[in-house]
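Just below is one structure, and these are the notes that go with it.
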Amino acid sequence: MKNTTTRGILQRLSEGIVQGAEGYVFELERRGYIKAGPYVPEVVLDFPEAVKELHREFLRAGSEVMVALTYYAHREKLKDVGRENDLERMNRQAVRLANEIAREGDALVAGNICNTWAYDPGNARETSRLVRAMYEEQLTWAVEEGIDFVISETNDYLGEALIALEVIKQFGLPAMVTLASVQSNATRDGYDYVEACKMLEDAGADIVGLNCDRGPETMLPIVEKIRSTVNCCVAAQPVPYKTTAFNPTFESLRTHAGEQAFPLALEPFLYNRFEMAAFARRARAIGVNYIGICCGGAPHYVRAMAEALGKTVPASKYSPAMELHPMLGTHVENKDQNFRCFVLRRTWLPVSTKPTCTSHAMLGQK
Ligand SMILES: [Zn+2]
């Protein structure tokens, strides 16, 4: 089954920014279809309609890439949950679901491979062989089902990322390789994130950058350095959480009681849609080519980001029109030629000061 889009990822990137959307595992866990802990995408086989629905929501909200939900669908992880026998079926089905929904729009389908937890730089020779075999089998199935390019993501080790890149190139596909940035400034095998991205570019990656772990505040400064160092396309897919210089990753965020908020108690740290829209604009200003979102992502963010980038997407049909809200809008009433605006606490105002809430910083259009 091949998808039907005529413009590949590289052509789209040459024409402008490509928007992506991820966070499938996190969102489907919140919806009750994936078990937190192992985070294996069993939902692909157990509730395929739930996967299709989330693809469709991201598509309608403006994602131009349907990422096949094969994250952690590798041999090592499936062994942990006793579903190793479902490995091939799960991988093939995930790509089929992504294709089915991509055809509802003009979206690309990305195959997806990720960190395996099997790579060990201390035993690089033997573990590289294991990792390579896992990537090869996953991508063999993905290519047979039909993908446009591959996203290798949340790479903790440059060494593992380079194996992924080699395997992607064996299949002759465009490669987007992004690093996790859990540590302060270097991969777990000791390469500065910026230097690591340069090495990935030199090894043939088409798109390099960061995904997951960091919110926009702490991801963008690194991405800016990557942008000024590499010549290829750059991707930024942060998590929508308020990470800070003191707590630069969502793994390091702490609740008021001092407990780790990751991964199940992160809600108090969530960005709102306006803040994610601001991220999209900042990323564009820096020169990021592939702008997306990772764990914590949801359709309302994706739509706000798409609109911030100047697009009107299918879900824009239902974008906020706060001027029509009975309590918050610019709904005004005439009482002896005075108007009242509910956003200003129902105060009666003379006509001359009739407010226009469409230009309100939070409630207005843009
Ligand atoms: Zn993520």
Side-chain angles (χ1 to χ4, degrees), residues 21-58 63 66-98 100-101 110-119 130-131 134-135 137-138 141-142 151-156 160 180 182 211-214 237-241 249-255 257 259-270 292-299 301-302:
E22 299 192 32
Y24 284 92
V25 168
F26 246 54
E27 181 59 19
L28 288 164
E29 189 279 331
R30 290 193 287 216
R31 295 184 185 189
Y33 295 110
I34 281 180
K35 186 179 281 295
Y39 285 114
V40 173
E42 299 170 83
V43 60
V44 165
L45 293 177
D46 299 349
F47 293 94
E49 292 303 319
V51 178
K52 278 163 52 173
E53 177 56 26
L54 186 53
H55 277 311
R56 185 176 291 120
E57 290 172 18
F58 281 154
S63 178
M66 297 293 102
V67 183
L69 183 47
T70 54
Y71 192 91
Y72 278 173
H74 52 62
R75 196 169 284 281
E76 190 80 8
K77 270 284 182 181
L78 285 180
K79 232 190 278 179
D80 290 348
V81 294
R83 293 194 75 159
E84 208 181 347
N85 291 337
D86 288 330
L87 183 67
E88 180 173 350
R89 243 168 25 99
M90 197 179 290
N91 275 271
R92 286 188 184 278
Q93 171 95 321
V95 180
R96 279 185 209 137
L97 299 178
E100 191 179 328
I101 305 305
N112 186 244
I113 51 179
C114 64
N115 56 318
T116 63
W117 300 106
Y119 183 76
L130 277 175
V131 169
M134 284 193 268
Y135 290 155
E137 65 184 358
Q138 278 192 284
W141 299 321
I151 298 176
S152 155
E153 63 179 353
T154 54
N155 286 289
D156 294 307
E160 192 170 39
V182 184
N211 81 287
C212 212
D213 299 301
R214 290 173 186 251
Q237 300 208 85
V239 294
Y241 296 103
T249 64
F250 70 166
E251 291 92 341
S252 64
L253 292 170
R254 292 290 177 273
T255 65
E259 289 163 349
Q260 180 170 313
F262 175 84
L264 301 178
L266 284 163
E267 283 84 353
F269 301 99
L270 275 169
I293 191 167
C294 205
C295 301
Y301 290 128
V302 179

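In this chain, residues are counted from 1 in sequence order.
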Partners passing side-chain contact (heavy atoms from CB on, under 4.5 Å) against Glu88 (at least two apart in sequence or in another chain): Arg92, Trp141
From Arg56 atom CZ to Phe58 atom CZ, the distance as rounded to the nearest 0.5 Å: 13.5 Å
His74 vs Lys77 side-chain heavy atoms within contact, under 4.5 Å: yes
Gln138-Asn91 side chain donor-acceptor pair, cut-off 3.5 Å: yes
Test item: Tyr72 and Pro38 side chains (from C-beta on) under 4.5 Å apart, heavy atoms: no
With Phe262 via ring pair (Phe, Tyr, Trp, His ring centres under 6.0 Å) - residues at least two apart: Phe250
All side-chain hydrogen bond (donor to acceptor under 3.5 Å, both in side chains) counterparts of Gln260, not counting sequence neighbours: none
Atom of Val239, atom of Asp213 and distance for their closest heavy-atom approach: CG1-N, 3.7 Å
Contacts of type salt bridge (charged side-chain N to carboxylate O under 4.0 Å, His left out), residue Glu29, not counting sequence neighbours: none
Pairing residues for Ser63 by the side-chain hydrogen bond (donor to acceptor under 3.5 Å, both in side chains) criterion, not counting sequence neighbours: none
Any residue meeting side-chain contact (heavy atoms from CB on, under 4.5 Å) with Ala142, in chain and number order, not counting sequence neighbours: Val95, Leu139, Ile147
Gap between atom CH2 of Trp117 and atom CD of Glu160 - 0.5 Å precision: 9.5 Å
Under the ring pair (Phe, Tyr, Trp, His ring centres under 6.0 Å) test, residues paired with Tyr135 that sit two or more places apart: none
Rounded distance [0.5 Å steps], CE in Met134 versus OH in Tyr119: 12.5 Å
Student check: side-chain heavy atoms of Ile293 and Val302 closer than 4.5 Å: yes
Non-neighbouring partners of Arg31 that pass salt bridge (charged side-chain N to carboxylate O under 4.0 Å, His left out), sequence neighbours left out: Glu27, Glu57
pair Glu251-Val182: side-chain heavy atoms closer than 4.5 Å: yes
Residue list, ring pair (Phe, Tyr, Trp, His ring centres under 6.0 Å) with Tyr301, at least two apart or on another chain: none
pair Leu253-Leu266: side-chain heavy atoms closer than 4.5 Å: yes
Beyond-backbone contact of Leu54 with Tyr24, side-chain heavy atoms, under 4.5 angstrom: yes
Distance-only criterion, 3.5 Å: show the donor-acceptor pairs between side-chain atoms of residues 42-51 and protein atoms not counting sequence neighbours.
{"unit_1": "Glu42", "atom_1": "OE1", "unit_2": "Arg83", "atom_2": "NH1", "d": "3.1"}
{"unit_1": "Asp46", "atom_1": "OD1", "unit_2": "Arg83", "atom_2": "NH1", "d": "3.3"}
{"unit_1": "Asp46", "atom_1": "OD1", "unit_2": "Arg83", "atom_2": "NH2", "d": "3.2"}
{"unit_1": "Asp46", "atom_1": "OD2", "unit_2": "Arg83", "atom_2": "NH1", "d": "3.0"}
{"unit_1": "Glu49", "atom_1": "OE2", "unit_2": "Lys52", "atom_2": "NZ", "d": "3.3"}

Residues which pass side-chain hydrogen bond (donor to acceptor under 3.5 Å, both in side chains) with Glu153, listed by chain and number, not counting sequence neighbours: Asn112, Asn211
Non-hydrogen side-chain atoms of Leu28 and Leu69 separated by less than 4.5 Å: yes
With sequence neighbours excluded, residues passing side-chain hydrogen bond (donor to acceptor under 3.5 Å, both in side chains) with Glu137: Arg75
Atom pair CG/CD of Leu130 and Glu76 - distance to nearest 0.5 Å: 7.0 Å
Verdict with reasoning, Thr154 to Tyr71, per side chain to side chain donor-acceptor pair (under 3.5 Å): CA-CA 10 Å; Thr154 54; Tyr71 192 91; 2.7 Å; yes
N/O donor-acceptor pair under 3.5 Å between Thr70 side chain and Ala73 backbone: no
